[in-house]
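Just so you know, residue 1 is the first one in the sequence shown, and it goes up from there. Values below: every heavy atom of this structure, side chains too, minus hydrogens, waters and symmetry copies.
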Amino acid sequence: MSPEKAQAYWKENISMIIKLLVVWFIVSFGCGILFINELNAIEISGVKLGYWFAQQGAIYVFVILIFVYVKVMTGIDEKYGVHE
């Protein structure tokens with residue numbers, strides 16, 4: 001792989017990781033701490049939404065982020081010809 005292509009690969013890889021980390025931060029810190037009062041105004045099945053995000057919702061989002069990372073990274077690897 002040429003140095004320019006390798007640099008473009010890593011730039012795209014890091015960009016994707018930063019986007020996923022932003023989502024991770026918003027869900028964990030934002031929904032679990034910053035926006036908890038606003039989210040607690042909403043109830044689902046008798047459970048306040050802020051509490052649900054802090055206890056379970058964030059975990060679901062983290063697992064979804066893993067699958068998104070695998071899917072996007074597979075596409076990036078194939079685009080640059082470094083897939084297995």
Checklist entry - Under a single-linkage definition using a 4.5 Å side-chain heavy-atom cutoff for Ile, Leu, Val, Met, Phe, Trp and Tyr, are L20 and I66 assigned to the same hydrophobic cluster? => result no
Checklist entry - With distance as the sole test, does S15 use its side chain to make a donor-acceptor pair with the main-chain N or O of K11 at under 3.5 Å? => result no
Checklist entry - Do N13 and M73 touch side chain to side chain, with heavy atoms closer than 4.5 Å? => result yes
Item to check | Heavy-atom check, side chain of W24 versus side chain of V61, under 4.5 Å | outcome: no
Item to check | Contact check, side chains of D77 and Y9, non-hydrogen atoms, under 4.5 Å | outcome: yes
Item to check | Same apolar cluster: W52 and I36, side chain cutoff 4.5 Å | outcome: no
Item to check | Hphob cluster co-occupancy, V27 + I44, side-chain heavy atoms under 4.5 angstrom | outcome: yes
Checklist entry - Any side-chain heavy atom of Y80 sitting closer than 4.5 Å to one from I76? => result yes
Next on the checklist: Apply side chain to side chain contact (heavy atoms under 4.5 Å, CB included) to residues Y69 and I17 and explain how you reach the verdict.
Outcome noted: CA-CA 8 Å; Y69 174 78; I17 290 172; 4.0 Å; yes
Checklist entry - Are more than 12 heavy atoms from other residues, nucleotides or ligands located less than 6.0 Å from atom CD of Q7? => result no
Item to check | Cluster check I59, L49: I/L/V/M/F/W/Y, side chain < 4.5 angstrom | outcome: no
Checklist entry - Is F67 reachable from M16 through a run of hydrophobic residues whose side-chain heavy atoms are each under 4.5 Å from the next? => result no
